[in-house]
Number of protein chains: 2
Amino acid sequence: MNESVFKAMSDGTRRKIIELLKEGPKTAGEIVNHFSHAQPTISRHLNVLKNANLVVDQREGTYIIYRLNTTILQEWLAWLLEHFGGDNDEKE
Amino acid sequence: MNESVFKAMSDGTRRKIIELLKEGPKTAGEIVNHFSHAQPTISRHLNVLKNANLVVDQREGTYIIYRLNTTILQEWLAWLLEHFGGDNDEKE
DNA sequence: TTATTTATTAGCCATATAGCTATATAATGA
DNA sequence: TCATTATATAGCTATATGGCTAATAAATAA
């Protein structure tokens with residue numbers, strides 16, 4: 001599993017963005033409106049998520065639409081469960 | 001879910017330590033031996049994990065034994081599944 | 001072409017992180 | 001008490017992060 005996914009998911013604002021995008025695709029502006037941060041700040045968070053391949057973007061006229069890459073998110077969760085979940089076979 | 005857990009889990013060395021401790025408790029020295037980092041470097045990673053309450057330590061003579069706090073780890077995984085797992089109800 | 005809207009990029013700052021070496025502490029044994 | 005072993009802490013450096021404002025780009029409409 002790519003390190004960039006862990007880094008991307010370690011920030012609260014970005015996790016919130018992921019949760020928003022779980023509802024469905026949104027424009028950059030719509031995402032910005034959910035936060036009290038400056039617009040470029042959110043833009044950069046979106047870029048971090050894009051570099052981790054957790055979201056994809058697509059221009060639609062003047063808008064840029066972001067949508068979740070559910071595949072990566074689910075693969076990440078599966079990786080976590082495989083490595084940290086399950087039996088917890090403690091000795092002593 | 002505490003932000004410190006996400007930060008703690010976002011580092012590869014610390015995830016490796018967690019995986020080691022899944023096998024069972026280990027002394028700080030045993031943990032150090034699994035890495036090519038300097039001893040104080042690992043000591044500090046252990047401290048980050050301790051602050052996130054992902055591990056607990058216990059002195060045993062000259063040794064300090066670290067063990068996984070499985071509760072926090074499992075709660076973290078449950079939180080992730082609750083927020084990011086499941087249906088992925090995409091619209092359009 | 002010019003203005004407007006949407007969004008990114010550049011550039012700055014303050015703080016956090018992860019590595020290191022050197023030093024300190026804690027327990028034990030001679 | 002002194003030496004040894006195990007581990008933590010202090011203090012440093014370089015890089016990364018996350019916030020901001022100002023400037024740039026891209027699309028559209030007048």
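The sequence lines fix the lettering, A, B, ..., with proteins before strands; numbering per chain opens at 1.
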**OP:** Can you tell me the distance, in whole Å, between the CD1 atom of Ile65(B) and the C1' atom of dT5(D)?
**Re:** 16 Å

**OP:** Please tell me which of Thr27(B) and Ser36(A) maps to the more 5' nucleotide of DNA chain D, matching each residue to the nucleotide holding its nearest heavy atom.
**Re:** Thr27(B)

Subject >> Under 4.0 angstrom between Thr41(A) side-chain N/O and dC20(D) OP1 or OP2 >> reply: yes

Original post:
Any side-chain heavy atom of Arg15(A) within less than 4.5 Å of one from Phe84(B)?
Top reply: yes

Subject >> Test item: Asp57(A) and Leu46(A) side chains (from C-beta on) under 4.5 Å apart, heavy atoms >> reply: no

**OP:** Would you kindly give the CZ-to-C1' distance between Phe35(A) and dG18(D), to the nearest whole Å?
**Re:** 14 Å

Could you pull out the protein-nucleic contacts involving nucleotides 22-29 of chain C (nitrogen or oxygen on both sides, under 3.5 Å)?
none

Original post:
Going by number, which of residues 9-16 of chain B have a non-hydrogen atom under 4.0 Å from DNA chain C?
Top reply: Asp11(B), Arg14(B)

Original post:
Under the 3.5 angstrom rule, does the side chain of Lys50(A) hit a backbone N or O of Arg44(A) as a donor-acceptor pair?
Top reply: no

Show me the side-chain donor-acceptor pairs of residues 75-83 of chain A shorter than 3.5 Å, one per line, residues at least two apart or across chains.
from: His83(A); atom 1: ND1; to: Trp79(A); atom 2: O; distance (Å): 2.9

Original post:
Is any side-chain nitrogen or oxygen of His45(A) closer than 4.0 Å to OP1 or OP2 of dT17(D)?
Top reply: no

Original post:
Pick the nucleotide of DNA chain C nearest each of Lys7(B) and Ser43(A); which residue has the one closer to the 5' end?
Top reply: Ser43(A)

Subject >> Minimum-distance pair of heavy atoms, taken over all atoms of Val5(B) and Ala52(B) >> reply: CG2-O, 3.8 Å

**OP:** Rounded to the nearest angstrom, tell me the gap between atom NZ in Lys26(B) and atom C1' in dA6(D).
**Re:** 17 Å

**OP:** Figure out the CZ/P separation between Arg44(A) and dT24(D), and round it to whole Å.
**Re:** 19 Å

**OP:** Tell me, with the steps shown, if Val55(A) and Asn69(A) meet side chain to side chain contact (heavy atoms under 4.5 Å, CB included).
**Re:** CA-CA 5 Å; Val55(A) 304; Asn69(A) 185 350; 5.9 Å; no

Subject >> Leu73(B) vs Met9(B) side-chain heavy atoms within contact, under 4.5 Å >> reply: yes

**OP:** Write down the distance between CG (Leu46(A)) and C1' (dT6(C)), rounded to a whole number of angstrom.
**Re:** 13 Å

Original post:
At under 4.0 Å between heavy atoms, what does Ala38(A) touch on the DNA or RNA strands: base, sugar-phosphate, or nothing?
Top reply: base

**OP:** Using whole Å, report how far CZ of Phe6(A) lies from P of dT17(D).
**Re:** 15 Å

Subject >> Side chain to side chain, His45(A) and Phe35(A), heavy atoms closer than 4.5 Å >> reply: no

Original post:
For the side chain of Tyr63(B), counting heavy atoms from C-beta on, which of dG19(D), dT9(C), dT7(D) is nearest?
Top reply: dT7(D)

Original post:
Just how far, in rounded Å, is C1' of dG18(D) from CD1 of Ile42(A)?
Top reply: 11 Å

Original post:
Is a side-chain donor or acceptor of Arg14(A) paired with a backbone partner of Lys7(A) at a separation under 3.5 angstrom?
Top reply: yes

